[in-house]
Asks: 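Below you'll find the structure I mean.
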Amino acid sequence: MSTRNEHGLKTGDALLVVDVQNDFCPGGALAIEEGDEVVPVLNHWLAAAAKADIPVFASRDWHPAGHISFESRGGPWPPHCLQDSEGARFHPELQLPEDVIKVTKGVRFDQDQYSAFDQTGLADELAARDVSRVWVGGLALDVCVQATAREARSHGFEVMLIESATRPVSAADGEAAIRRLREKGVEVLADE
Ligand code: VGL
Ligand code: ZN
């Protein structure tokens, strides 16, 4: 393992892997270009997290059939991440630890939840584990990663966005997301 993989992780940190699910990867129902390329990058960070003994949280989009966010209901998205479906599973090569803490979202019938903090209790759970800084990567940069990183800042966490560990639905929106997140005080790691 290279020294790069020490990654500066320390006690009080958590790694937050956002929605690295089959449906967001090539071949999936809402495929993001190069979405699967975040997996090897995140695997390095997962190894570093294990070494540093910091907790790993993995969020997942977990929609009921006919979710309000689907085009059939007037929403913006094709059906994706249906509960218990193959598409909703984490990418098979993502090396999540045994003790990963899963954060399930997108289950509400009446609204979507892009942020892993949105009505999940995640902020309190992080605080209960004395986490003050979160390292964030996953899918998609301009949708759930952006919303999650923003809300983490709103809750007062320091936020490190691992740029190489995320991909956008739209390149232009991805760039806008990076700008907005920087304005919010998110530290963007460009070369990790
Ligand atoms: C997401 C679109 C719809 C995401 C979730 O995880 O970024 N994007 N639902
Ligand atoms: Zn969704």
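What you see below is based on every heavy atom in this structure, not just the backbone, and it leaves out hydrogens, waters and symmetry mates. Note that ligands are numbered from 1 as they come in the structure, with each ligand's atoms numbered from 1 the same way.
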Asks: Give the cluster check for Val20 versus Leu141: same hydrophobic cluster or not, with ILVMFWY residues linked at side-chain heavy-atom distances below 4.5 Å.
Replies: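 Not linked; separate clusters.
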Asks: Which protein N or O atoms sit under 3.5 Å from any N or O of ligand 1? Give each pair with its distance.
Replies:
unit_1	atom_1	unit_2	atom_2	d
ligand 1	6 (O)	Asp19	OD2	2.6
ligand 1	6 (O)	Leu139	O	3.4
ligand 1	7 (O)	Ala140	N	2.9
ligand 1	7 (O)	Cys144	N	3.1
ligand 1	9 (N)	Asp61	OD2	3.0
ligand 1	9 (N)	His80	NE2	3.0

Asks: Taking only Lys NZ, Arg NE, NH1 and NH2, and the carboxylate oxygens of Asp or Glu, determine whether Glu125 and Arg129 approach each other closer than 4.0 Å.
Replies: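 Answer for the salt bridge query: yes.
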Asks: Show which side-chain atoms of residues 28-42 pair as donor or acceptor with protein atoms under 3.5 Å away, not counting sequence neighbours.
Replies:
unit_1	atom_1	unit_2	atom_2	d
Glu34	OE1	Arg167	NE	3.0
Glu37	OE1	Arg167	NH2	3.3

Asks: State, without any angle test, whether Arg108 and Gln119 hold a side-chain donor-acceptor pair at a distance under 3.5 Å.
Replies: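 Arg108 vs Gln119: donor-acceptor pair found between side chains.
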Asks: So if you build clusters from Ile, Leu, Val, Met, Phe, Trp, Tyr with side-chain heavy-atom gaps below 4.5 Å, do Ile162 and Val145 land together?
Replies: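 No, separate clusters.
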Asks: Taking Lys105 first and then Asp118, would you say they form a salt bridge - that is, a charged N and a carboxylate O separated by under 4.0 Å?
Replies: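 No, this pair does not count.
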Asks: Would you list the pairs meeting ring pair (Phe, Tyr, Trp, His ring centres under 6.0 Å) in which at least one residue belongs to residues 87-112, sequence neighbours left out?
Replies: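 Those involving residues 87-112 do not exist here.
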Asks: Going by chain and residue number, what protein N/O/S atoms come nearer than 2.8 Å to the Zn ion (ligand 2)?
Replies: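 As for protein N, O or S atoms lying under 2.8 Å from the Zn ion (ligand 2), they are Asp61 OD2, His63 NE2, His80 NE2.
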Asks: Describe, in one word, how the ring planes of Trp135 and Trp45 are oriented to each other, choosing from parallel (under 30°), tilted (30 to 60°) and perpendicular (over 60°).
Replies: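 If you compare the ring of Trp135 with that of Trp45, the planes turn out tilted.
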Asks: Should the pair Arg89-Asp84 be classified as a salt bridge under the 4.0 Å nitrogen-to-oxygen rule?
Replies: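 Salt bridge between Arg89 and Asp84, a charged N being under 4.0 Å from a carboxylate O: no.
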